[in-house]
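To keep things clear, I will list the structure first and then write my remarks on it.
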Amino acid sequence: MGIQGLTKLLGDAAPGCMKEQKFENYFGRKIAVDASMHIYAFLVVVGRQGDQMLTSETGEVTSHLQGMFFRTVRMLEAGMKPVFVFEGKAPELKREELAKRSNRREDANTELEAAKEAGNAEDVEKYSKRTVRVTREHNEECKRLLRLMGVPVLEAPSEAEAQCAQLCKDGLVYGISTEDMDSLTFGTPKLIRHLMAPSSQKPLAMEFDHELVLKELELTEDQFIDLCILCGCDYTAKISGIGAVRALSLIKKHGSIEGVLAALDSKKYQIPEPFPYQEARRLFKEPDVVKGDQIPQLKWTSPDTEGLIDFLVKEKTFAEDRIRKAVERINAAKGKASQGRLESFFGPAKVVSSTMGKRKEVPVAAKGKKGSSGAAPKKGKLGGMGKKK
DNA sequence: ACTCTGAGTCGAGACGGA
DNA sequence: TGACTCAGAGT
DNA sequence: TCCGTCC
């Protein structure tokens, strides 16, 4: 669920923390990705006709592999270095939320049966999407696929978004690509939305900068976490009648959830019972993650062509020439990527180095005030090099 | 006037040939 | 499952 | 760019 209303709040109250970015600007950059979210989306949408999905000869679903394979190829081709982070065990506080989702799936299942019975194709489509669940097998198959592609895979002890944020804090990735705003609550220095939207479509990638979020909202990090909890997060119920706007002004006025609760008119606003906001705060502030030198080294290697053929073609009945062509694209991109890094090394100082340690990667272009947008700044261009081969 | 809610809707991938 | 809209009610 | 297909 993320943080309710946070995107809109930031757009209104902290527009300077968001910056549009072109797809090409991620050339050469390391990007952390929550794998489970992607797998889920692929299962919902890839190759779906009614309640049918893509399957191998033996009837096993392959939608997640189709989606994951070609998306990863796209990322590599764009010169990105993705690291996929897999979800671990959910924290206790999230169990209730997860149970709700599970119940909703149950309901969708019965609706689905009814729709099939009635022969209502539209409803079959609708409800079958809601029954989608990412299984251990989906996850394992995607890990196997990614390893064959030469892309690093990381197992999070708990929340994937928290682990992604930690990678970014440790300087191991430039940013994290997600649609889930609670990564910001976990403190990722940089969050990238709509990274995968094709350039033909309108929405450019949008970067959120954590430091600027705090600066523009004039909050400390602790206060920002409290704000997110009040807005509504996965870990606690929210106070009915308090949305993002009121939450912000309350936190500003009273400094913390404790202060807000002490000052709230309990006749107007009902505090949920229980309201484990302290535990939620702890989960955001000190989530269960692997950090620092405990993190295994992230390595991007050449794809294992024959391994991919064995897996995707022999086991999962993918078309061999499609796979081979895609692998070639990856290899071509690898060549360009190393050349690109070299050029950026000698090139104009504008170009960002993605090595760890340094922060403050992007020169925050002109403090854009109100809405604006008016085309991305587009500074030093990279990737314009020609020839090669 | 502003804010929040709840019900409704929609669309969510990527490729490649026409 | 979110994001966006629109109604309506509360502050 | 649209639209059928990927498995």
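Below, chains carry the letters A, B, ... as their sequence lines are ordered, and counting in each starts from 1.
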Once each nucleotide of nucleotides 3-11 of chain C is scored for protein heavy atoms under 4.0 Å, what B/S/- sequence comes out, 5' to 3'?
S------BS

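- Regarding contacts with the backbone of B/dA14, a side-chain N or O of A/R74 is found under 4.0 angstrom from either OP1 or OP2.
- Taking 4.0 angstrom as the limit, A/R130 places none of its side-chain polar atoms (N or O) nearer than this to OP1 or OP2 of C/dG2.
- The nearest whole Å value for the distance from the CG atom in A/L43 to the P atom in B/dA14 is 14 Å.
- Residues forming a side chain to side chain contact (heavy atoms under 4.5 Å, CB included) with A/Q52 (at least two apart in sequence, or on another chain): none.
- Counting non-hydrogen atoms under 4.0 angstrom, A/S240 reaches the backbone sugars and phosphates but no base.
- Every stem involving DNA chain B, taken as at least 3 paired positions in a row under the Watson-Crick or G-U wobble test at 3.5 Å, is listed here: B:1-4 with C:8-11, B:6-10 with C:2-6, B:13-18 with D:1-6.
- Rounded to whole Å, atom C1' of B/dG8 lies 10 Å from atom NZ of A/K126.
- With sequence neighbours left out, the salt bridge (Lys or Arg N to Asp or Glu O under 4.0 Å) criterion links A/K253 to no other residue.
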Extract from the structure each pairing of a protein N or O with an N or O of nucleotides 3-7 of chain D at less than 3.5 Å, listing the distance.
| unit_1 | atom_1 | unit_2 | atom_2 | d |
| --- | --- | --- | --- | --- |
| D/dC6 | O2 | A/Q66 | NE2 | 2.8 |
| D/dC7 | OP1 | A/A319 | N | 2.9 |
| D/dC7 | O3' | A/T62 | OG1 | 3.1 |
| D/dC7 | O3' | A/K316 | O | 2.6 |
| D/dC7 | O2 | A/T55 | N | 2.8 |
| D/dC7 | O2 | A/T55 | O | 3.2 |

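- Within the 4.0 angstrom heavy-atom criterion, no nucleotide atom of any strand lies near A/K325.
- In this structure, the side chain to side chain donor-acceptor pair (under 3.5 Å) partners of A/E315, at least two apart in sequence or on a different chain, are A/R144.
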